[in-house]
Structure formats: C-alpha cells, structure tokens
Amino acid sequence: MEVLYNSTRNNGIRVRASEAILKGISEDGGLFVPDHVPALDKSLKELAGMTYQEVAYEVMKLYLTDFTEEELKNCIGRAYDSKFDTESIAPLVSADKAYYLELFHGATIAFKDMALSILPHLMTTAAKKNNVTNEIVILTATSGDTGKAALAGFAGVEGTRIIVFYPKNGVSPIQEKQMVTQKGDNTYVVGIHGNFDDAQTGVKCIFADKELAKRMDGQGYQFSSANSINIGRLVPQIVYYVYAYATLLAEEKITEGEKINVVVPTGNFGNILAAFYAKNMGLPIDKLICASNDNKVLYDFFRTGVYDRNREFVLTSSPSMDILISSNLERLIYKIAESDGDKTAQLMKALGGDGKYEITEPMRALLADFYGNYASEQETAATIKALYEETGYVIDTHTAVAACVYGKYKEETKDETPTVIASTASPFKFTRSVMNAIDEKYDRMSDFELVDELSALANVAVPEAIEEIKSAPVIHDYICDKEAMQKTVEEFLKLK
Ligand SMILES: *Cc1c(COP(=O)(O)O)cnc(C)c1O
C-alpha cells in the first residue's frame, strides 16, 4: 500500500515520499509524517539471515513507496559500501550485560553518517522522479558534526552542491580541520564571524528569500536542506534497529519475538523516533529509554508532561546533545494527539511563543513506552571510567550518557530485558573528554598524542577519519561576516 506523507500541522497536505524528501519541511512549518506506519512484511527469522543492505531494502521499501526496487537498491548500494570500515556496517558489541550498537563506522565516525551517506542519493533520485532538472544546492549551518557528515555524504554526488556555514570560533579544532580539508569540487565551507545561531538564522533567511529562489531557478539551481527533520534521514535510521534485532536473533542471544529495550542518547529526537517507528512496524521493542545530558528538557517532559525550553543552555562534553528544542519530538506529539494537525500546530505555536507547552492527560498516557532520565557531567565521566576498568571497552561521551541512564533505569525497575544501547560516536571523536574521564594525567597531552594513547588503551586502530586529517591540506579558507552569507552563496554559484 502506498505511504503518503502529511504535515504534522495540516492533515490536508499530502505528498509522495520523493516529494517529501525534496521539500524537507512542509510549507506550513510542519514536519512530514507517514499517513500510516507500515508493518514489516518479512519475518524476524528471514531478516536474521540478511545483510545490512538487504535489511535496509526491506525496511525502506515500505516507506519510500514511489521509489522502484532498482532505484532504492542503487541508493543503498552507493551509501553502505567501503566508506564504512566494517562489512556489517553497524556491529553489535556485548559489554557489561548490554549490547552496544556501534553506529559510528562511517566516514565521519558518528551516527549521522548512517543517514547522511544515503540522503544525497535519495535526493537526486527524488529529483529525477519529479522531473527536477535544476542542480540541488544544499545549505547547512552546523555546530560541528552535521556539517562534516553532510559534506562527506554529498561530496562528488552529481547534480548536487553543498555549502556549509560554521561559526569560525565556535567549533572544536578537530571539527574545523575535518570540514576545511573536505575534498570534492561541489563542496564549499565557510567560517562566519558569529555564533551557531547567527549561522542558522542566516541560512533560514536565505531559504525564505522568494526573489532569490526565483533567480536561482532561472539559472538552474534550487535549494534543499539536509537537516534531521527530513524524512529521508529518518527512514534510514529505522533500519539499524531492525538490523540489531536480526543480529541478536541470528546470534541466538534472543528468541524470535522476544522483546528488547532500546536506549538512545538524545538531542533532536530523530534517532529515538526511528526506534519508535521500528516498534510500531512490529519489531518487538518494549521500552524506549530516552537519555539526556544536563540539557534535560526531555527528561522533564516525560516526567511532567510540560515541555519548557526556558532554561539555561548548558555546554557539556556531549555537545551533539546540547539542544533545548528537540525538533523531531513534533512527530511524536502529532502521534499522541491522535493525528490532530490543528492541536499539534497549537502546541508548536506555544513553543515558538512562550517557549513551552503542556500536553493533556490522555496524551501522556500514550507515552507509556518511553522512559526518560539524564546523566550529569560527573556521572557521564564515571560511566566511561567504570566500563573501561571492568571490561576494557571504551565508549564516547554521548554513548556514556545512554549507558549511565540505562544503569539508573535498571536500578529503578529491576528490568532484565535484553537491551541495545545506541552507540552514536567513536571515542576517537571526543578523545580528550574520554581520556580525561579515564585518568586526569592525560590532560597534559596534545590531541594527537591522546589519539595514540586511546588506540593503545582500547586496543582499537586509529580510524581513517582521524588519520586523514593529521596530514590533509586545508582546502577551504573562506571567511565572511554573518551579514554577507547570501552574497557568499551568490558568488559561489556565480548568480547574476
Ligand atoms: C546527533 C547526535 C546525537 C543526537 O541524536 P538525535 O537524533 O538528534 O537525537 C547523539 N549523539 C551523537 C554523537 C550525535 O552526533
């Protein structure tokens, strides 16, 4: 059955999957959601015998119903290839009575690669299907991780260009080095004099400029966005939960139909929402455990039913989760509002105005599958150290937030259900915080010395992504004022 996508703020808007991917966000500001969640049409046993790519096809075909088999398999084949440093793409590692689903084996050693390695192919395929002949120009503002993952995904993809803006003094040295050394004739990286909000606001202004869009169209270009609310990022993320279950079944760690819990270190709520969709497709998931850092808006939301962003923004050692507005939560709100677009629009309007909203009791009752908690900075560091000392396994700071919250959950509930923890970044991406958690003596060493120390300590080879930037030449050194972002884009595209 065909899946159509409607807006979370207006059930009347309905588009096909390829159109939803091209548009990114609905005109009314809502997010695209499937009009029904399709059920898995292969048995868990059948899935247990499949490769990652095969599972990806079985899951994605159910959502992207206007893509042909050939188109979809082509996208999957181009995405999940030797860019990943392991054939299994998403290996499952057992440590301390939990299974760590390592989602960091792609080009930029963080989980965003799982979706951003396929999005460019879904997008160019979608463009062809909709007779779009314009070149697609991806504009992104980044605080570090997304920018590099998007650059790596779109680099060299025909029919696309990507322009990334980052705050010149607002990303880590390693993150900056990763971006400015990006190869590919279709990639542009610009540091701006300003912070991340300035970069984000600038990009939004450019997107909203109708006159510019018209001029672009006249010269064969159109903008699109690669951010995490695109359905083309959400759907590929459902795959690895199904794959994790299939792996556990194939390895006889669970029996067919046995339930598992899933723990997800959460920021924008995309990753855990994908697990929720997997559950709704019939994957035997019991609890969805939502782990936050000190920016614990979601913990408070699950506890009280009030979402309130009016609080201090805390900088933590898990920066990819330093978020006060979890955009993808809107899709869950829509679901528990029983698909009422008007009600969802009202709540989101309140969030945009007062910065908060409260859900009703019947809505709260529909959140019973979720458990929320958070880990402080100290608890996160202690979790890394304890796991390393007990097992020798080293996890990054984001994954440690999840592991810590899982510990709290188990203590509270005594629930012994087999559990998968989403491991969202390689410890090599956050080497300093990880090594300092293990022993403060490392604080004196340089970043690259620490990389070698970590490699020895964890008995894991230094990932290619880190080796590469040690010696890679700087390719992008463009810097502009925050007011000049649009002019910069026009120059890159040689717009008249
Ligand atoms: C983006 C990111 C997260 C948060 O994922 P969401 O889908 O935004 O909730 C967690 N960990 C890492 C390492 C990330 O890059």
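Side-chain atoms are counted along with the backbone in the values below, which use heavy atoms only and exclude waters and symmetry mates. One-based numbering, in listed order, for ligands and for the atoms of each.
- Within the cation-pi definition used here (under 6.0 Å to the ring centroid, within 45° of the axis), R311 does not qualify as a partner of F313.
- More than 12 heavy atoms of other residues, nucleotides or ligands lie within 6.0 Å of NZ in K177, so this atom counts as buried by the packing criterion.
- Surrounding NZ of K335 are at most 12 heavy atoms belonging to other residues, nucleotides or ligands under 6.0 Å away.
- With ligand atoms numbered from 1 in the order given, ligand 1 contributes 15 (O) to contacts under 4.0 Å with heavy atoms of D145.
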For R432 and D447: C-alpha separation, side-chain torsions, deciding distance, then whether salt bridge (charged side-chain N to carboxylate O under 4.0 Å, His left out) applies. CA-CA 7 Å; R432 183 164 296 281; D447 282 3; 2.8 Å; yes
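- Contacts of F269 with ligand 1, taken as heavy-atom pairs under 4.0 Å, involve the backbone alone.
- Per-residue contacts place G270 under 4.0 angstrom from the following atoms of ligand 1 (heavy atoms of the residue considered): 6 (P), 7 (O), 9 (O).
- When each atom of ligand 1 is checked for a heavy atom of N271 under 4.0 Å away, the hits are 7 (O).
- Judged by distance alone, the side chain of E379 and the main-chain N or O of S376 form a donor-acceptor pair under 3.5 Å.
- The shortest separation from a heavy atom of S228 to ligand 1 is not under 4.0 Å, leaving the residue out of contact.
- The 12-atom threshold is not exceeded at NZ of K356, counting heavy atoms of other residues, nucleotides or ligands nearer than 6.0 Å.
- The nearest heavy-atom contact from the protein to atom 8 (O) of ligand 1 is N268 N, 2.7 Å.
- For ligand 1, the polar-atom distance check finds an N/O of T424 within less than 3.5 Å of one of the ligand's N/O atoms.
- Close approach of ligand 1 to P265 is summarised as follows: ligand atoms under 4.0 Å from at least one heavy atom of the residue are 4 (C), 10 (C).
- Atoms of ligand 1 found under 4.0 Å from any heavy atom of F111 (numbered from 1 in listed order, with element): 1 (C), 2 (C), 3 (C), 5 (O), 7 (O), 14 (C).
- The closest side-chain heavy-atom distance from Y80 to P236 is below 4.5 Å.
- In terms of protein heavy-atom proximity, atom 9 (O) of ligand 1 is closest to G267 N, 2.8 Å.
- For ligand 1, the atoms closer than 4.0 angstrom to any heavy atom of T266 are 9 (O).
- No donor-acceptor distance shorter than 3.5 angstrom exists from the side chain of H476 to the backbone of V190, with no hydrogens or angles considered.
- When each of T316, I323, L315 is tested with N295 by the rule side chain to side chain contact (heavy atoms under 4.5 Å, CB included), just one qualifies, namely T316.
- Residue contacts with ligand 1: I323 is placed with no nitrogen or oxygen under 3.5 Å of a nitrogen or oxygen of the ligand (distance criterion only).
- Ranked by closest heavy atom to atom 2 (C) of ligand 1, the top entry among H398, K112, Q237 is K112.
- Every atom of ligand 1 is numbered from 1 in the order shown, and the set under 4.0 Å from a heavy atom of A425 is 13 (C).
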